[in-house]
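Only heavy atoms go into these numbers, but all of them, side chains included; no hydrogens, no water, no symmetry mates.
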Amino acid sequence: MGKGGMSIDDHGEGKDGEKQNMAAWLVAINTLKIQPFNLPSLGPHDVRVRVKAVGICGSDVHYLKTLRCADFIVKEPMVIGHECAGIIEEVGSQVKSLEPGDRVAIEPGISCWRCDPCKKGRYNLCPDMKFFATPPVHGSLANQIVHPADLCFKLPENVSLEEGAMCEPLSVGVHACRRANIGPETNVLIMGAGPIGLVTLLAARAFGAPRIVIVDVDDHRLSVAKNLGADDIVKVSTNIEDVAEEVIQIHKAMGAGIDVTLDCAGFNKTMSTALSATQAGGKVCLVGMGHSIMTVPLTPAAAREVDVIGIFRYKNTWPLCLEFLRSGKIDVKPLITHRFGFSQKEVEEAFETSARGGNAIKVMFNL
């Protein structure tokens with residue numbers, strides 16, 4: 001189960017008379033229920049974690065609304081959630097790096113370590129990845145979970161559990177910046193000021209990007225981006241016929257050549273804009289996946305030798321994320337706009353708040 005947990009059990013107490021472990025189960029479209037969640041036995045290299053903070057991701061909302069996200073389909077009840085941090089309660093017999101009481105941020109994907117991508121160090125591409133809240137693997141919006149110790153990273157003293165949970169979305173931005181080789185000589189354009197666009201903005205700045213312009217259709221999100229340190233913002237439309245005119249506005253805002261564009265939305269229009277705006281010899285990194293199939297002006301971009309790269313999740317990002325947070329190079333706290341407890345009513349309200357958008361950026365559960 002990856003490891004997360006196993007099945008629903010109607011008993012009120014667990015072993016040794018302990019209170020039954022509870023989790024938020026996605027049982028039908030727009031239906032979440034807090035129900036018992038049995039944990040697997042603790043393996044020698046596993047830890048049992050009391051979950052304290054869980055963020056809601058866009059994929060969680062997709063599953064709630066449609067029971068699917070991309071090609072992943074929910075076919076039976078599934079525990080939701082994958083952005084998490086907590087406190088170690090028990091360690092397996094071979095675990096030396098952690099002990100009960102340690103606060104940890106949790107990387108949610110377990111790769112096989114046997115396939116070619118894993119052997120080559122690109123474990124995020126493992127075809128047998130078991131990832132929290134990706135069917136059929138259960139997630140982490142639960143009182144407790146069991147997980148491999150090597151995917152649990154001890155939090156620095158000055159980093160909160162909420163910030164630890166934010167390492168998951170921040171990892172997407174960090175991985176994108178690594179893939180695109182962002183550095184002190186890289187002027188960056190970011191398409192989309194949603195949660196991933198905003199963490200990518202923070203990551204690009206931490207990697208040393210000297211000038212960052214961010215584009216979106218929403219005034220509020222653009223104002224948030226400006227407050228987080230974007231050098232300039234450009235409001236655009238959803239009309240693809242406006243691309244040429246908007247590229248002129250973007251170039252004016254940047255005031256220099258665009259070396260890398262990070263498309264954190266992934267729509268026909270955003271990718272078309274990215275390809276057109278990026279200078280000859282630059283890079284476009286597709287981060288968001290708004291459209292599974294896109295029609296974009298690839299030939300003109302190829303003629304200017306604009307490289308197109310993609311990312312999928314992340315790899316080996318938690319230590320760097322935690323160092324950015326510890327050192328203060330990145331502050332994710334302003335992104336946490338709403339907080340909820342772990343009751344049936346609050347779980348429903350939290351997901352409604354996240355799905356509604358508006359001024360909600362990151363909705364966080366405190367368990």
Side-chain angles (χ1 to χ4, degrees), residues 52-58 82-87 103-108 153-178 180 182-184 186-216 218-233 260 262 264 287-288 314 316-340 350 353-354 357-366:
K52 302 300 290 184
V54 181
I56 297 179
C57 174
H82 62 268
E83 302 177 1
C84 55
I87 299 173
R103 301 176 313 124
V104 293
I106 300 168
E107 183 171 351
F153 298 85
K154 192 171 179 179
L155 296 179
E157 288 185 6
N158 65 334
V159 176
S160 71
L161 286 157
E162 286 189 339
E163 292 171 278
M166 288 294 293
C167 282
E168 199 280 336
L170 180 58
S171 286
V172 176
V174 166
H175 184 53
C177 289
R178 281 176 170 171
I182 303 294
T186 315
N187 291 320
V188 175
L189 171 65
I190 297 175
M191 306 299 299
I196 293 300
L198 294 174
V199 292
T200 301
L201 162 65
L202 295 174
R205 185 65 82 208
F207 273 80
R211 187 157 181 84
I212 304 171
V213 172
I214 192 163
V215 171
D216 202 276
D218 184 83
D219 285 319
H220 174 71
R221 296 230 161 154
L222 286 172
S223 69
V224 172
K226 188 70 173 173
N227 289 335
L228 288 174
D231 293 291
D232 211 340
I233 54 177
V260 172
L262 300 157
C264 297
V287 181
Y314 33 67
N316 299 318
T317 51
W318 260 253
L320 181 56
C321 288
L322 289 172
E323 175 55 24
F324 280 152
L325 296 174
R326 183 203 66 78
S327 66
K329 287 189 78 172
I330 288 180
D331 182 7
V332 293
K333 294 189 290 294
L335 299 179
I336 305 170
T337 54
H338 295 74
R339 293 172 172 84
F340 292 86
T353 300
S354 184
N359 65 346
I361 298 174
K362 181 58 61 179
V363 178
M364 185 75 65
F365 288 104
N366 295 130

Exercise for review: Compare all side-chain heavy atoms of T186 with those of F207 and state whether any distance is below 4.5 angstrom.
Suggested key: no
Nearest heavy-atom approach of P210 to G183 is CD-O, 3.8 Å
Looking only at heavy atoms, the pair that brings I233 and A225 closest together is CG2-CB, 4.5 Å
Would a 4.5 Å heavy-atom cut-off, applied to side chains only, mark K52 and N366 as touching? no
Here the pair of heavy atoms bringing V215 nearest to L222 is C-CD2, 4.0 Å
Item to complete: Would you mind reporting whether N227 and P334 have side-chain heavy atoms less than 4.5 Å apart?
Response: no
Please check this pair: side chain of K362 against backbone of P195, looking for a donor-acceptor N/O pair closer than 3.5 Å.
no
Contacts satisfying side chain to side chain donor-acceptor pair (under 3.5 Å) that involve residues 195-216 (not counting sequence neighbours) are R205-D231
Distance col, row C264:SG vs L201:CG, nearest 0.5 angstrom, shows 9.5 Å
Exercise. Taking C-beta and beyond as the side chain, do F324 and L202 meet within less than 4.5 Å on heavy atoms?
Worked result: no
Practice problem: Please assess L155 against L161 for the test side-chain contact (heavy atoms from CB on, under 4.5 Å), listing each intermediate value before the final yes or no. | Solution: CA-CA 8 Å; L155 296 179; L161 286 157; 3.9 Å; yes
dist L335:CG -> L228:CG (nearest 0.5 Å) comes out at 5.5 Å
Rounded to the nearest 0.5 Å, the NZ atom of K329 sits from the CD atom of E323 at a distance of 8.5 Å
d(L189 CG, I212 CD1) to nearest 0.5 Å is 10.5 Å
Problem set entry | pair P156-L325: side-chain heavy atoms closer than 4.5 Å | no
### Message
Would F153 and E107 count as a side-chain contact (heavy atoms from CB on, under 4.5 Å) here? Give the steps.
### Response
CA-CA 8 Å; F153 298 85; E107 183 171 351; 3.8 Å; yes
Sorted by chain and number, sequence neighbours left out, side chain to side chain donor-acceptor pair (under 3.5 Å) with S171 holds for T317
**Item:** Validation row: I182, V188 side chains within 4.5 angstrom (heavy atoms)
**Value:** yes
Side-chain donor/acceptor of K154 to backbone N/O of V104, under 3.5 Å:
no
Check: Does a side-chain heavy-atom distance below 4.5 Å link V332 with E162?
Finding: no
Sequence neighbours excluded, the answer for side-chain contact (heavy atoms from CB on, under 4.5 Å) partners of A176 is L262, C285, V287, I311
**Message:** For a side-chain contact (heavy atoms from CB on, under 4.5 Å) check, start with the C-alpha distance between V224 and I361, then their side-chain angles and the critical distance, and finish with the verdict.
**Reply:** CA-CA 10 Å; V224 172; I361 298 174; 3.6 Å; yes
- Taking E163 for the side chain and S160 for the main chain, is one N or O donor matched with an acceptor at less than 3.5 Å? yes
Students often mix this up, so state it plainly: with edges at 30° and 60°, are the rings of Y314 and W318 parallel, tilted or perpendicular? perpendicular
Nearest heavy-atom contact between V54 and C84 is CG2-CB, 4.0 Å
The reported gap from CD1 in I214 to CZ in R221 (rounded to nearest 0.5 angstrom) is 10.5 Å
One should read off an interatomic distance between H82 NE2 and E168 CD, to the nearest 0.5 angstrom, of 4.0 Å
Taking every heavy atom of A105 against every heavy atom of G164, the minimum-distance pair comes out as CB-O, 3.5 Å
